[in-house]
Amino acid sequence: MLDAVAPAALDYLESLPERRVHPESDYARARAALDHGLPAAGTDPAQVVADLARDLQPLVTAHASGRFFGFVIGGLHPASWGAELLVSTWDQNAGLFPPTPGVAVAEELAAEWLVDLLRLPPDSSVGFVTGGQMATFTCLAAARDQVLRAVGWDVEADGLVGAPAVTVVLKEGVHSTVPRALRFLGLGERSAVFVPCDEQDRVVPEALQQALRTVAGPTIITVESGNVNTGSFDDFGAVADLADAHRAAGNPTWVHVDGAVMLLAAAAPSMTEHVRGLDRLDSWSTDGHKLLNTAYDCGVAICRHQAAHRAAMSIEASYLEQGTGARDPMDWNPEFSRRARGVSVYAALRSLGRHSVDDIVTRTVRMARMFADGLRASDRAQIVNEVVSNQVLVRWLAAHGDTARVTDAVMAGVRAEGVAFFSGTTFRGERLMRISVSDWATDEDDVRRVLDALLRHAALATA
Ligand SMILES: Cc1ncc(COP(=O)(O)O)c(C=O)c1O
C-alpha cells in the first residue's frame with residue numbers, strides 16, 4: 001500500500017511550491033474522473049489507492065501551497081503530516097485512556113503545552129475537536145452549564161425547558177459559527193443581543209457596557225482574537241473589566257473568545273499589545289488547522305473552568321473503562337469514538353518549539369503587510385483595514401466605481417491562472433477581496449509573484 005501511496009504523496013508535496021493552486025476542474029470533470037460505478041466484485045486495495053492518486057490528485061486544491069490565501073486555511077507542517085500518517089496507521093479510538101494510554105498521554109501533553117504557549121491559566125482544560133466551529137460549541141456548552149448552575153439550574157439534568165433565560169451578547173458581524181453553536185445548544189440565535197463594532201469590527205467597549213446595562217441574569221459574551229475580515233482583536237482588558245462589573249452586580253457571566261484566526265498571537269511576543277487581558281476571560285476556541293498548520297481537521301476548546309467543561313461534555317457507560325484517574329479525551333469534547341487529532345498538535349509543537357510558533361505568527365503578519373504595502377504602492381487598490389495581523393481587506397479601484405466587478409475579475413483571473421487563490425467577502429455592504437496569510441510556507445517570493453499576478457489581472461479587468 002505504501003508503494004502505491006508514497007510516490008503520489010511525494011509527488012504532491014514536492015510539487016507544492018510550483019503547483020497550480022486551484023486545479024483545472026469542475027463538477028463534470030470530477031464526476032468523469034471518479035464515478036466508476038459501485039463495483040459488484042472487489043478490487044485490490046493497492047490498485048484502488050493507485051487509481052485514486054491518479055484520478056483525484058490532479059483535482060485537489062493546493063490548500064498547503066504558500067500561495068493559497070482564501071478563507072482562513074493553514075498549510076501543512078511536515079511534523080503534523082508525518083504524525084497524521086502514523087495516527088491513521090495506528091487507527092486508535094482515542095476516546096478513553098485505558099484502551100490507548102499512549103495517544104491519550106500525547107494529547108494530554110499537547111493540551112498542557114498549548115495552555116502554556118498561549119499564556120492561559122495553567123489549570124485550563126482542553127478538548128481536541130474537529131475545528132473552530134466545534135471548539136466554540138464546546139466552550140459555549142460549558143458556559144451555558146456554568147451560568148445556569150450559578151442560578152441553581154442544572155441544565156445537564158433538566159434541559160432548557162423552564163430554565164432561567166440566558167442572554168448571549170454578540171458582536172455585530174460575529175462569525176457565523178457562533179450563532180450556529182447557539183442553535184445547537186438550544187439557546188437560539190434570536191436570544192442574542194448584538195453590540196455595535198468600530199470600523200475594524202472590534203466591539204466598542206462603551207456599547208458593550210450599554211448593552212450589559214439592559215441585561216440581567218445569566219450572561220454569555222463572545223469576543224474575537226482575529227476577526228475573519230479585518231484580523232482585529234477585541235479589547236480583552238476592557239471586556240474583562242465589564243464582565244467583572246456585570247458579575248459583581250449579581251449576573252453570572254462567562255466571556256468566550258473565538259480565536260480561530262489568531263489565538264496563536266498570544267504565543268508571539270510581538271503581538272503582546274493585542275492580546276492584553278486575554279487570559280482574564282473564561283474560554284477560548286482555536287484551530288490547529290489554521291495558523292498552527294496542522295493537518296485537517298483539528299480544533300481546540302480551552303476552558304478556565306474545568307468542572308463546567310467536564311460537566312458539559314463527559315459521558316459514562318457501563319461497558320467503558322473509566323475512573324482510572326488519567327485524562328480520558330472524551331470528557332472534554334462532544335465525540336465518543338474519535339481520531340487522536342491532538343497527536344498532530346503534539347508533533348507540530350515538538351517540531352516547532354516556542355520560537356518557530358512565534359515565527360509563524362510574526363512572519364504571516366509580515367507577509368500580510370507586504371501584500372498591503374505592494375497593493376497600496378500600485379495605486380490600483382486600497383487597503384480597507386488596519387493590517388494588525390494576517391488578514392488584509394482589499395478594494396480594487398475601477399473607473400466608474402465598479403469595484404465589485406473588478407474585485408471578482410481579479411480573484412477569478414488569478415484563480416484560473418493557477419498562480420494563487422483568494423476569496424471575497426462583503427464588508428459593510430461592499431464586495432472586497434480578502435487576503436489571509438495562514439501558511440507557514442508563504443515567503444517573500446510567493447508574495448512578490450502573487451502581487452505581480454494580481455496587478456496584471458487588475459490591469460486586464462480595468463483595460
Ligand atoms: C473567526 C472564525 N471563527 C470560527 C471559524 C470556524 O472554524 P472551523 O472552520 O475550523 O470550524 C472560522 C473559520 O474560518 C473563523 O474564521
Side-chain angles (χ1 to χ4, degrees), residues 61 63-64 68-76 80 114 126-141 143 168 170-185 189 192 197 200-203 221-234 236 255-266 274-275 278 281 283-302 333-335 338-339 341-342 344-345 348 361 364 368 385 388-393 421-427 432 434-439:
T61 300
H63 281 152
F68 188 96
F69 304 105
F71 314 106
V72 186
I73 292 199
L76 182 58
S80 163
L114 269 180
V126 176
F128 290 104
V129 293
T130 51
Q133 170 73 77
M134 289 313 289
T136 293
F137 166 82
T138 302
C139 291
L140 293 185
V168 185
L170 304 178
K171 300 163 59 165
E172 278 174 6
V174 63
H175 194 271
S176 48
T177 50
V178 177
R180 191 173 184 222
L182 298 183
R183 266 198 272 149
F184 295 162
L185 290 163
E189 294 188 20
C197 291
Q200 300 299 317
D201 260 0
R202 287 175 300 223
V203 73
I221 304 167
T222 77
V223 292
E224 290 175 314
S225 184
N227 177 265
V228 71
N229 283 315
T230 65
S232 66
F233 301 84
D234 285 311
F236 303 120
V255 186
H256 172 69
V257 183
D258 176 352
V261 176
M262 258 288 166
L263 194 66
L264 218 53
H274 299 299
V275 294
L278 184 76
L281 304 177
S283 61
W284 306 265
S285 51
T286 191
D287 272 318
H289 56 222
K290 289 192 170 68
L291 215 50
L292 191 58
N293 280 256
T294 67
Y296 277 88
D297 49 20
C298 182
V300 191
I302 310 175
N333 56 61
E335 297 87 9
R338 59 183 292 279
R339 180 178 180 79
R341 50 180 61 83
S344 178
V345 175
V361 178
T364 51
N385 63 324
V388 294
S389 67
N390 59 345
Q391 310 291 313
V392 187
L393 277 180
F421 188 109
F422 293 91
S423 54
T425 190
T426 301
F427 183 73
L432 299 172
R434 294 178 52 249
I435 305 177
S436 174
V437 188
S438 305
D439 196 311

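Note that the numbering runs from 1 along the sequence shown for the chain. Keep in mind it's a predicted model, so treat the numbers as computed, not measured. Start at 1 and go down the list; that is how both ligands and their atoms are numbered.
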K171 NZ to E224 CD distance, which is reported to the nearest 0.5 Å: 3.5 Å
With side chain to side chain donor-acceptor pair (under 3.5 Å) as the test, would you mind laying out the steps for T294 and S80 before giving the verdict? CA-CA 5 Å; T294 67; S80 163; 4.8 Å; no
Run the numbers for me: atoms of ligand 1, each under 4.0 Å from some heavy atom of [X], listed by number.
X    : value
H289 : 10 (O)
A260 : 2 (C), 3 (N), 4 (C), 5 (C), 12 (C), 15 (C)
V261 : 1 (C), 16 (O)
G132 : 7 (O), 8 (P), 10 (O), 11 (O)
V228 : 16 (O)
D287 : 7 (O), 8 (P), 10 (O)

Residues L170, L182; criterion side chain to side chain contact (heavy atoms under 4.5 Å, CB included); working and verdict: CA-CA 11 Å; L170 304 178; L182 298 183; 4.0 Å; yes
My understanding is that we take every heavy atom of each candidate and find the minimum distance to atom 12 (C) of ligand 1. Doing that for R180, M134, Q133, H175, which one comes out nearest? H175
Among N385, T425, D201, which residue satisfies the side-chain hydrogen bond (donor to acceptor under 3.5 Å, both in side chains) criterion with N229?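 So the option named by the test is T425.
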So which protein heavy atom does atom 4 (C) of ligand 1 come closest to, and at what separation? T177 OG1, 3.3 Å
What protein heavy atom is closest to atom 3 (N) of ligand 1, reported as residue, atom name and distance in Å?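 I find the closest protein heavy atom is D258 OD2, 2.7 Å.
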So for ligand 1, is K290 a polar contact partner (N or O within less than 3.5 Å, distance only)?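 Between K290 and ligand 1 (N or O atoms, distance only) the closest approach is under 3.5 Å.
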Which atom names give the shortest non-hydrogen contact between D439 and T364, and what distance separates them?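 Looks like O-CG2, 4.1 Å.
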List the steps, then state whether side chain to side chain contact (heavy atoms under 4.5 Å, CB included) holds for R434 with L393. CA-CA 5 Å; R434 294 178 52 249; L393 277 180; 3.7 Å; yes
Check the pair V257 / D234 against side chain to side chain contact (heavy atoms under 4.5 Å, CB included), numbers first and verdict last. CA-CA 9 Å; V257 183; D234 285 311; over 6 Å; no
